[in-house]
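Since the structure comes first, as structure tokens, the remarks are kept for the end.
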Amino acid sequence: MIKHRRFGGCVVTAFVAGWLFLFGLGENSHLLAQDQTLDELMEQLSDPELEDWEPVERQIWELWSLSGSDALDLLLRRGRDAMELGDFNEAIAHFTAVIDHSPEFAEGWNARATAFYFAGQFGQSMADIERVLALNPDHFGALTGMAMILEETGKSAEALVVVRRVLEVHPHRPDVLMARDRLEAETEGSAL
């Protein structure tokens, strides 16, 4: 079982929401629309007026998770299974194999960043997050992970900058909105 860390005072869901969805992705992927491009979905998600944002978010996670290789998909699935069981070292090994075979596949880096995060290896997680963002600057999961690490390491002002970037891409997640409000209050309070 995945250990939940706290993002400020809130249980972290934005960073792992994609993971929880993706653990069961294979069973439900046929339910997702295949005719929308990632750009169209990202544009929809960035609309603050979008009320039914969860299906759009799920479709984006699905598209991000398509490696184009059955073998890599299997390694990714095994890594996710290991993460679900809390075996982060095993997950890291599987995700490292994905990265070794396909270093341009951003989701391999994101998966390993998540495993490193839950293993408490923030430096390695941050390095992988930077690779994700080099490949996919709008990866709201990686951005959220970066904000969490920055906040947990006492860098609230930097975390706020990243949270604001997350909200440009994905303005809907209640936990990220609460993090913004909390970080704004904290950083504005410390400036007085």
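Atoms considered below: every heavy atom in the structure, side chains included; atoms not considered: hydrogens, waters and symmetry mates. Given the structure is predicted, the values throughout are model-derived calculations rather than measurements.
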Original post:
Are side-chain heavy atoms of E184 and D181 found at a separation under 4.5 Å?
Top reply: yes
Original post:
Is the backbone of M148 close enough, under 3.5 Å, to the side chain of E151 for a donor and an acceptor to pair up by distance?
Top reply: no
Subject >> Sub-4.5 Å side-chain heavy-atom contact between S125 and I149 >> reply: yes
Subject >> Nearest atoms (heavy-atom pairs only) where A91 meets G79 >> reply: CB-O, 3.4 Å
Original post:
In this structure, are over 12 heavy atoms from other groups packed under 6.0 Å from D100 atom CG?
Top reply: yes
Original post:
Do the charged groups of R78 and E90 touch, with an N to O distance under 4.0 Å?
Top reply: no
Original post:
If you look at every heavy atom in L133 and A142, which pair is closest and at what distance?
Top reply: CD2-CB, 4.0 Å
Subject >> Whether F122 and Y117 hold their rings parallel, tilted or perpendicular, with breakpoints at 30° and 60° >> reply: parallel
Original post:
Do the non-hydrogen side-chain atoms of D73 and S67 ever get within less than 4.5 Å of each other?
Top reply: yes
**OP:** Test F105 against every option in V98, I99, L135 by the side chain to side chain contact (heavy atoms under 4.5 Å, CB included) rule and name the one that passes.
**Re:** V98
**OP:** Could you check L183 against S156 for side-chain contact (heavy atoms from CB on, under 4.5 Å), going step by step and ending with a plain yes or no?
**Re:** CA-CA 6 Å; L183 289 165; S156 297; 3.9 Å; yes
Subject >> Residue pairs involving residues 121-150 (criterion salt bridge (Lys or Arg N to Asp or Glu O under 4.0 Å); sequence neighbours excluded) >> reply: R112-D128, D138-R165
Original post:
Can a donor-acceptor pair be found between the side chains of N110 and E107 at a distance below 3.5 Å?
Top reply: yes
Original post:
Does the side chain of T96 reach to within under 4.5 Å of the side chain of I92, using non-hydrogen atoms?
Top reply: yes
Subject >> E51 CD: over 12 foreign heavy atoms closer than 6.0 Å >> reply: no
Subject >> Residue pair R80 / T114, side-chain donor-acceptor N/O under 3.5 Å >> reply: no
Original post:
How would you list, by chain and number, every residue that makes a side-chain contact (heavy atoms from CB on, under 4.5 Å) with H170, sequence neighbours excluded?
Top reply: L45, W53, E57, F140, H172, R173
Subject >> Side chain to side chain, L150 and M126, heavy atoms closer than 4.5 Å >> reply: yes
**OP:** Check the pair W61 / H139 against ring-ring contact (aromatic ring centres under 6.0 Å, His included), numbers first and verdict last.
**Re:** CA-CA 10 Å; W61 278 110; H139 198 296; 5.4 Å; yes
**OP:** Give the minimum heavy-atom separation between I60 and M42, together with the two atoms involved.
**Re:** CD1-SD, 3.5 Å
Subject >> Heavy-atom pair with the smallest gap, counting every atom of L72 and S102 >> reply: CD1-CB, 3.5 Å
Subject >> Non-hydrogen atoms of F95 and G108 that approach each other most closely >> reply: CB-O, 4.1 Å
**OP:** Give the other cluster members for L74, using side-chain heavy-atom distances under 4.5 Å between Ile, Leu, Val, Met, Phe, Trp and Tyr residues; answer none if it is isolated.
**Re:** none
